[in-house]
Number of protein chains: 2
Amino acid sequence: MNDLKIRCTPEPTLRRLPLYLGFLKGISDRGRNISCTQIANEFGFDPTQVRKDIAQTGIVGTARIGYDTKDLILQIETFLGWNKKHEAFLAGAGNLGTALLKYNLFKDEYGLDIVAVFENDKAKQGTHIAGRKVLPVDKITDLARRMHVPIGVIAIPPEAAQSVADRMIEGGIIGIWNFCPVALKVPEGIIVENARLSTSLAVLTGKLHNLLNA
Amino acid sequence: MNDLKIRCTPEPTLRRLPLYLGFLKGISDRGRNISCTQIANEFGFDPTQVRKDIAQTGIVGTARIGYDTKDLILQIETFLGWNKKHEAFLAGAGNLGTALLKYNLFKDEYGLDIVAVFENDKAKQGTHIAGRKVLPVDKITDLARRMHVPIGVIAIPPEAAQSVADRMIEGGIIGIWNFCPVALKVPEGIIVENARLSTSLAVLTGKLHNLLNA
DNA sequence: TAGATTGTTAATCGATTAACAATC
DNA sequence: TAGATTGTTAATCGATTAACAATC
């Protein structure tokens with residue numbers, strides 16, 4: 001419902017590419033070439049799968065040789081949009097929000113530049129967290145529109161999540177990274193990615209349960 | 001490679017069940033019955049999919065009526081193992097680790113009880129974070145064995161992740177919740193769930209890219 | 001009863017894996 | 001050259017969706 005039905009990169013591919021990227025960046029000698037087989041071995045994946053994933057980025061390899069490591073790194077980063085800055089608004093300056101702000105990796109490695117923080121708690125408004133001023137939530141729409149910010153990060157209590165998402169979308173934000181355990185209702189064309197930790201934990205405890213009761 | 005090939009609950013199902021649970025818990029009148037159609041509508045899913053997901057938990061519904069809301073909540077929680085406490089060790093007392101500790105939801109809602117924190121930084125050792133004493137990393141194996149802790153949470157810098165995972169596994173930990181952007185090598189039978197935020201972000205920026213260049 | 005809903009079986013769809021020709 | 005690797009097409013596998021009988 002939420003996706004435009006253009007031929008998109010399969011989601012599993014989008015989930016694997018960052019793994020490859022992390023591995024490639026860890027290679028000390030980037031002058032060497034790298035093959036899909038090598039990458040596949042690292043993760044226990046099928047080499048053909050790795051080849052298809054990589055092909056999505058548009059890079060062309062050389063038979064018998066593989067890919068130039070530096071090229072491949074650059075190509076994956078470009079494909080994911082991680083080598084240009086995406087400005088983002090963060091809603092929520094609680095524990096999780098603060099951790100996201102302080103977790104500098106986002107900006108340096110993934111290009112997510114949180115430029116402003118919004119919070120309902122009046123006590124926090126006006127203070128600074130990790131160098132960003134904390135602003136009232138009702139400023140989101142107007143500021144997003146004026147700054148052309150494309151991404152909104154939602155890390156607030158569940159009750160407020162939908163209304164904050166609405167404000168963001170009204171301000172022209174088209175991608176929402178949602179850390180809140182609720183199903184956001186958004187118009188077609190708006191992308192929601194749920195970074196729900198609970199979901200991830202469910203997979204772990206669910207498998208654990210399968211294992212223990214098998 | 002990592003999974004035992006017993007007939008397991010499909011991972012997509014494990015990812016959706018927490019959504020249903022969140023929705024069900026948000027229903028004010030839990031005396032009423034609930035149908036798959038209602039749940040499906042909430043999320044824009046196929047009702048049959050919801051029915052199959054729910055069937056995995058073992059609950060049996062009533063034709064024409066649906067499921068008892070309270071029963072269904074309990075059944076999903078039980079299936080996910082969220083209504084009994086799972087003790088866990090946390091490795092890493094940085095921004096992310098601290099946020100995980102303070103994020104009380106884990107204990108109350110998902111049964112993940114972080115009982116000890118381990119950190120290499122000597123300056124932090126001996127201090128307390130959210131009521132837990134910070135211990136040196138080399139105590140993990142011994143303590144895990146003595147306390148029979150089943151789950152390890154890894155939120156440390158990538159370089160140290162593998163060695164910490166090894167220590168955990170040596171101590172008898174069988175499930176690892178990995179927040180670190182590396183591929184952990186673990187023996188068969190050990191469950192690793194990667195809660196990688198970067199992966200989630202990749203899906204968002206990747207789709208955004210697809211959308212903007214379409 | 002009528003009709004909504006469950007549970008289940010069959011059809012469809014998409015992702016993974018296998019097979020293989022081209023190539024450096 | 002020989003053989004490893006790419007790129008691509010075909011086969012397999014599993015998850016999603018559709019169809020439908022049973023039922024309350």
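Keep in mind that what you see is a predicted model, and the values were worked out from it rather than measured. Reckoned from all heavy atoms, side chains included, excluding hydrogens, waters and symmetry mates.
With B:Leu184 as reference, B:Val192 is the one residue of B:Ile169, B:Val192, B:Asp166 to meet the side chain to side chain contact (heavy atoms under 4.5 Å, CB included) rule.
Taking the six-membered ring for Trp and thresholds of 30 and 60 degrees, A:Phe89 and A:Phe118 have ring planes inclined between 30 and 60 degrees apart.
Pairs passing the side chain to side chain donor-acceptor pair (under 3.5 Å) check and including a residue from residues 89-98 of chain B, sequence neighbours excluded, do not occur. Screening residues 191-203 of chain B for salt bridge (charged side-chain N to carboxylate O under 4.0 Å, His left out), with sequence neighbours left out, gives B:Arg15-B:Glu193. Sequence neighbours left out, the pairs with a member in residues 68-78 of chain B that pass salt bridge (charged side-chain N to carboxylate O under 4.0 Å, His left out) are B:Lys25-B:Glu77. Every pair passing side chain to side chain donor-acceptor pair (under 3.5 Å) that includes a residue from residues 55-66 of chain A is listed here, sequence neighbours excluded: A:Thr9-A:Gln56. Applying the side chain to side chain donor-acceptor pair (under 3.5 Å) test to residues at least two apart or on different chains, the pairs with a partner in residues 43-53 of chain A are A:Thr13-A:Asp53, A:Arg16-A:Asp53, A:Tyr20-A:Asp53, A:Asp46-A:Thr48.
If you check residues 33-40 of chain B against DNA chain D, you find no residue with a heavy atom closer than 4.0 Å. Using a 4.0 Å cut-off on heavy atoms, the residues of residues 51-73 of chain A that approach DNA chain C are A:Lys52, A:Thr62, A:Ala63, A:Arg64, listed by number.
Atom CD in A:Gln49 sits about 16 Å away from atom C1' in D:dT8, given to the nearest Å. In this structure, the CZ atom of A:Arg15 is 13 Å from the P atom of C:dA15, given to the nearest Å. Across the protein-nucleic acid pair, B:Leu14 atom CG and D:dA15 atom C1' stand 14 Å apart, rounded to whole Å. At whole-Å resolution of the value, CG in B:Asp46 and C1' in C:dT6 are 14 Å apart. Regarding A:Leu17, its CG atom lies at a distance of 14 Å from the P atom of C:dA15, rounded to whole Å. Rounded to an integer number of Å, the gap from B:Gln75 CD to C:dT6 P is 15 Å. Straight-line distance from the CD atom of A:Glu11 to the P atom of D:dA15: 16 Å, rounded to whole Å. What separates CG of B:Asn41 from C1' of C:dA4 is a distance of 13 Å, to the nearest Å.
Remark: B:Trp82 engages B:Tyr110 in a ring-ring contact (aromatic ring centres under 6.0 Å, His included) (not counting sequence neighbours). With sequence neighbours excluded, the residues that form a ring-ring contact (aromatic ring centres under 6.0 Å, His included) with B:Phe179 are B:Trp177. Partners of B:Asn83 according to the side chain to side chain donor-acceptor pair (under 3.5 Å) rule, which considers only residues two or more places apart in sequence or in another chain, are B:Thr78.
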Dot-bracket for DNA chain D, please, read 5' to 3', with Watson-Crick or G-U wobble pairs under 3.5 Å on both distances, ( ) within the strand, [ ] crossing, | other strand, . unpaired. ..||||||||||||||||||||||
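When distances are taken from the side chain of B:Thr48 to each of D:dA18, C:dT16, C:dA19, the shortest belongs to D:dA18.
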Under 3.5 Å, side-chain donor or acceptor atoms of residues 145-157 of chain B against the rest of the protein: list the pairs with distances, not counting sequence neighbours.
unit_1: B:Arg145; atom_1: NH2; unit_2: B:Glu170; atom_2: O; d: 2.4
unit_1: B:Arg146; atom_1: NH1; unit_2: B:Asp142; atom_2: OD2; d: 3.0

